[in-house]
Structure formats: C-alpha cells, structure tokens
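Reviewing the structure listed below.
Nothing fancy with the numbering, it's 1 onward along the sequence. Order of appearance sets the numbers: ligands from 1, and atoms from 1 within every ligand. Any value given below was found using the heavy atoms of this structure, including those in side chains, with hydrogens, waters and symmetry copies removed.
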Amino acid sequence: MPVVLRTTLGPKTYFPNISRISFEGPGSDNPLAFRYYDENRVVAGKTLREHFKFAVCWWHTLGGTGADPFGAPTKDFAWLRASDPLQLAREKMDAGFEFITKLGIPYYCFHDFDLVAEADTLAESRRRLDAISDYALEKQAESGVRVLWGTANLFSHPRYMNGAMTNPDFAVVAHAAAQVKNALDITLKLGGEHYVFWGGREGYCSLLNTDMKRELDHAARFLHAAKDYARANGFKGHFFIEPKPMEPSKHQYDFDAATSIKFLREYGLDRDFKLNLEFNHATLALHTMQHEMQVAADAGMLGSLDANRGDYQNGWDTDQFPMNLYELTEAMLVLLQAGGLQGGGINFDAKTRRNSTDPADLFYAHIGGMDAFTRALIAAADILEKSDYTRLRRERYASFDSGNGRAFEQGQLSLEALATLAAQQGEPEQRSGKQELFEQFLNRYL
Ligand code: XLS
Ligand code: NI
Ligand code: NI
C-alpha cells in the first residue's frame with residue numbers, strides 16, 4: 001500500500017477561533033486563558049513547567065469520539081474524517097500539534113495505534129508506524145514538543161481477549177512481543193523519555209480456567225525481554241507499570257501500587273521499572289491517589305502520573321478531567337514531600353464527556369486541569385512552608401526520637417524488654433490524632 005505523507009488539502013487549522021492560551025491571572029473571566037498556570041512561576045524551588053511536565057494523551061483527546069457501550073460517536077472531529085489511514089493519521093497529528101502548542105503543553109503520550117490505525121499484518125502496521133513517526137519527528141522539531149512516554153495497545157484487538165503477555169496461548173504472547181518491539185522502536189525514534197505498560201487484559205475473568213502463577217511468570221519473562229531489548233538499543237528512560245484493579249478484566253494483576261511493587265521486586269524488575277499512577281485507578285482499587293503515591297514514593301517508585309478523576313457514584317473508570325482541589329492538594333502534598341516525580345510528568349489521561357462535543361471543550365478541559373493542579377501545588381507548598389503541618393505530624397512520633405522508643409526503632413529491644421517497660425509505665429496516656437486540625441490546613445491555604 002502506498003504511503004501518503006503529504007496532504008493534498010494544504011495547511012489548515014483545526015481550531016481557527018482559538019489562539020495561544022496565555023496566563024491572565026485569577027481576575028480574568030476569559031475561559032480560554034489560564035488563571036493560575038503560569039509556566040515560569042517558581043513554587044517550592046522549581047518552575048511549574050518543571051514540576052508538572054504536562055502531557056496530552058493521543059487516545060482520549062484526539063481519538064475520543066464519545067462512543068460508549070450504549071451509543072454511537074457524538075464527536076465528529078474534522079481530523080478524523082479522511083478515508084486513507086495515513087492521511088487520517090497525519091491530519092490527526094496536525095490537529096494534535098496545533099492543540100498542544102496552543103495550550104503550551106510540552107509533551108504528549110501515545111499508544112502505537114493511536115498514532116495510526118493498525119493494519120491487517122504486522123509488517124504493514126510497521127510500515128504505517130514508520131511513516132507516521134517520520135511525520136511526528138518533523139512536527140516535534142518544528143514545535144519543540146516532546147514524547148513523555150509511548151506504549152502499545154495490547155487490549156483492543158480481539159486476539160487479546162485472553163490477555164497479551166499473560167495469554168495462555170504462546171502465539172498471542174509472541175504477537176504481543178512483536179507489537180511491543182515496534183512500539184519501543186518508535187518511542188526510541190521519537191526521543192520518548194519513558195515507556196508504559198498498562199495491563200488492561202493482563203488478569204482474568206474467571207480463576208476457574210486460569211493458572212495465575214504461570215501467567216505472572218510469563219508477564220515477568222516478557223517484561224525482562226522488552227527491557228533487555230530497549231536497553232540494548234540505547235533506551236535510557238524508565239519503564240512504568242500502570243496499576244489498575246479491574247476493567248476491562250474482572251481482576252487485573254497490577255491491582256494497585258503495593259501489588260505492582262511486590263511483583264516487580266519478586267521478579268527482579270525493580271531497578272528498571274517504576275509506577276505510572278492514575279487517580280481513577282486508585283479510587284477503583286478503593287484507595288485514594290495520595291495513598292497510592294505514598295506507597296510508590298516510599299518504595300522509590302513514584303515515576304509518573306495519569307491525571308483524571310472518578311465519579312463517587314460510579315464504580316468504573318469515568319476518566320473525567322481533574323478538577324477536585326482537595327484530592328489534588330493531598331496528592332501534591334505527597335508529591336512535594338517525595339521530592340517530585342522520578343522522571344515522569346502529568347499526562348491528562350482524561351476524556352471530555354460524551355455530550356461535550358465542541359473542539360473548544362478540549363481546551364476548557366485541559367486549561368481547567370492545569371489550573372487545578374497549579375492551585376493544588378501552591379496550596380500544598382504553602383501548607384508545608386507556612387503551617388504547623390510538618391511539625392504536628394513529626395510530633396506524633398516524638399516518642400521514638402529518643403530513649404526507649406529510639407532503642408526500639410534500632411532493633412535493640414526484645415519482646416520481653418518491651419513487656420517489662422510496659423509493666424513499669426502503666427496505661428499509656430491518650431494522645432489525640434487531631435485529624436480535623438490537619439484538615440483545616442487544606443481550607444486555609446487553598
Ligand atoms: C486505561 C489506562 C490507559 C493507559 C495507557 O484505563 O489508563 O489509558 O494509561 O494504556
Ligand atoms: Ni485509566
Ligand atoms: Ni492511564
């Protein structure tokens with residue numbers, strides 16, 4: 001099939017009524033301006049641009065048509081109309097780069113087949129990926145926009161209905177490996193900083209027909225092979241596992257941060273892999289995002305974030321844009337105390353609602369998300385710098401700072417020694433946890 005690289009339509013704009021979004025300050029009533037996000041503003045020692053490394057995701061933002069299990073697409077975007085797959089891919093890329101540069105976002109993230117539609121054979125898919133990545137390289141050079149991470153879609157095609165790297169059929173595992181090899185090559189070619197594995201169908205629908213141990217062993221073998229290949233080809237970035245407990249599988253192996261960390265350590269992958277955590281995945285696992293971030297930070301694996309939010313009424317991945325200032329401020333408190341993300345950034349893995357059908361809605365969504373993160377980060381920095389938060393939290397543990405508490409922490413007290421001390425000291429004095437006082441800080445600095 002001939003590869004078409006140049007559009008016959010000539011240069012066109014997909015967002016003609018929208019110009020470069022600028023920072024206008026909190027007093028502005030322009031919905032197409034930032035009220036808080038000023039990329040050069042310094043907060044807690046770094047610019048906002050450096051703290052966040054925001055990224056646009058190719059799938060929901062450019063490919064999200066509003067189709068759901070109950071209804072047809074609602075969004076007839078002008079960049080998704082061409083009949084030739086490469087022509088469509090190129091127009092989508094024109095729209096994507098126009099969108100990203102108008103927002104002043106520095107990065108994007110993609111699955112292989114977000115860039116261009118999958119073909120009938122691996123070889124033809126590869127030819128398409130080579131062609132569209134040539135075009136992406138030109139657009140990147142022209143705009144300075146970069147790739148935060150790439151990934152392979154190992155969950156949409158019917159061949160993956162029983163999983164990809166954990167599929168019980170070796171032929172499917174090998175096919176998935178070929179796809180990951182191509183996705184790694186394209187990520188490397190585009191200078192992608194990192195590479196993500198999200199295991200949507202790596203799990204099971206029923207344990208009755210599943211050999212879990214064997215499937216997990218296969219996943220580890222697969223990840224080692226992918227890592228070895230990428231390293232041998234000069235990839236310097238991190239690999240990220242993206243935990244999610246369920247959906248589309250009934251039970252996914254990368255359930256949450258703790259489960260994923262245990263897996264990486266058990267199989268000797270913990271030096272190359274960190275976590276890409278997503279807000280809505282955290283709440284699906286019945287955690288909070290701040291919990292997941294703290295677990296990852298304590299393991300030295302707080303790599304990158306997928307930004308979105310769930311809905312309190314719904315038990316699925318609604319992927320709404322992040323607007324909840326309380327949730328974000330608690331997340332930013334963990335982020336600042338952890339010293340930031342380890343190499344990654346903040347990818348808007350979020351979709352506008354099915355009935356938000358104007359191209360401008362994509363701008364409102366990202367502007368709102370970037371402003372919300374900014375307010376949250378500033379509030380978190382103020383809480384840490386100006387309030388009693390750190391001191392109060394440290395004081396809860398003061399009894400371990402000296403004397404017998406210190407000796408216990410250092411492993412110097414046996415169970416018998418502890419029992420003797422308890423007998424001497426009598427019933428412990430009550431100490432308040434002061435949760436409401438801690439909660440006041442959020443409202444005070446937001
Ligand atoms: C789906 C995941 C997916 C990953 C990339 O729930 O969030 O979008 O981020 O494969
Ligand atoms: Ni998700
Ligand atoms: Ni995600």
Look at the side chain of Thr259 and the backbone N and O of Phe255, then say whether any donor-acceptor pair between them is shorter than 3.5 Å. no
Spell out, as yes or no, whether a donor-acceptor pair under 3.5 Å connects the side chain of Asp38 to the backbone of Phe23. no
So for Val196, does at least one of its heavy atoms come nearer than 4.0 angstrom to any atom of ligand 1? no
Considering only N, O or S atoms of Asp317, the one closest to the Ni ion (ligand 2): OD2
Nitrogen or oxygen atoms of His281 and ligand 1 under 3.5 Å apart: yes
Lys262, NZ: over 12 other non-hydrogen atoms inside 6.0 angstrom: no
For ligand 1, which atoms sit closer than 4.0 Å to a heavy atom of Asp317? 6 (O)
So what does the Asp306 OD2 - the Ni ion (ligand 3) - Asp349 OD2 angle come to, to 10°? 90°
Pick one: which of Phe54, Phe348, Trp59, Trp58 meets ring-ring contact (aromatic ring centres under 6.0 Å, His included) with Tyr108? Trp58
May I ask you to identify the nearest protein heavy atom to atom 2 (C) of ligand 1, giving residue, atom name and distance to one decimal place in Å? Glu242 OE2, 3.3 Å
Taking atom types as modelled, is there a side-chain donor on Lys351 or Ser356 under 3.5 Å from an acceptor on the other? no
Does Asn233 use its side chain to pair, donor to acceptor, with the backbone of Tyr229 at less than 3.5 Å? yes
Restricting to N, O or S, what is the name of the atom of His281 that lies nearest the Ni ion (ligand 2)? NE2
Under 3.5 Å between any N/O of Glu278 and any N/O of ligand 1: does that happen in this structure? yes
Could you confirm whether Glu278 has any N/O/S atom lying under 2.8 Å from the Ni ion (ligand 2)? yes
Checking side-chain polar atoms at under 3.5 Å, does Asp349 have a donor or acceptor matched by the opposite partner on Asn308? no
Looking only at heavy atoms, is any part of Glu247 under 4.0 Å from ligand 1, and if so is it the side chain, the backbone, or both, or is it neither? neither
Provide, to 0.1 Å, the distance between atom 5 (C) of ligand 1 and the closest protein heavy atom, together with that atom's residue and name. His111 NE2, 3.2 Å
Does an N or O from Lys244, backbone or side chain, lie closer than 3.5 Å to an N or O of ligand 1? yes
Using a distance-only test with no angle check, is there a side-chain donor-acceptor pair under 3.5 angstrom linking Glu193 and Tyr107? yes
Looking only at the aromatic ring of each residue, does the gap between the centers of Tyr160 and Phe155 stay below 6.0 angstrom? no
Around atom CZ of Arg271, are there more than 12 heavy atoms of other residues, nucleotides or ligands at under 6.0 Å? no
Name of the residue among Arg128, Arg159, Arg127 meeting salt bridge (charged side-chain N to carboxylate O under 4.0 Å, His left out) with Glu118: Arg159
Who's the nearest protein heavy-atom neighbour of atom 8 (O) of ligand 1, and how far? Asp349 OD2, 3.0 Å
Compute the shortest N/O to N/O distance between Asn276 and ligand 1 and return yes if it is under 3.5 Å, no if not. no
Ligand 1 N/O within reach of Trp59 N/O, cut-off under 3.5 Å: yes
Ligand 1 atoms in contact with Asp306 (distance to a heavy atom under 4.0 Å): 9 (O)
Which of the N/O/S atoms in Glu242 sits closest to the Ni ion (ligand 3)? OE2
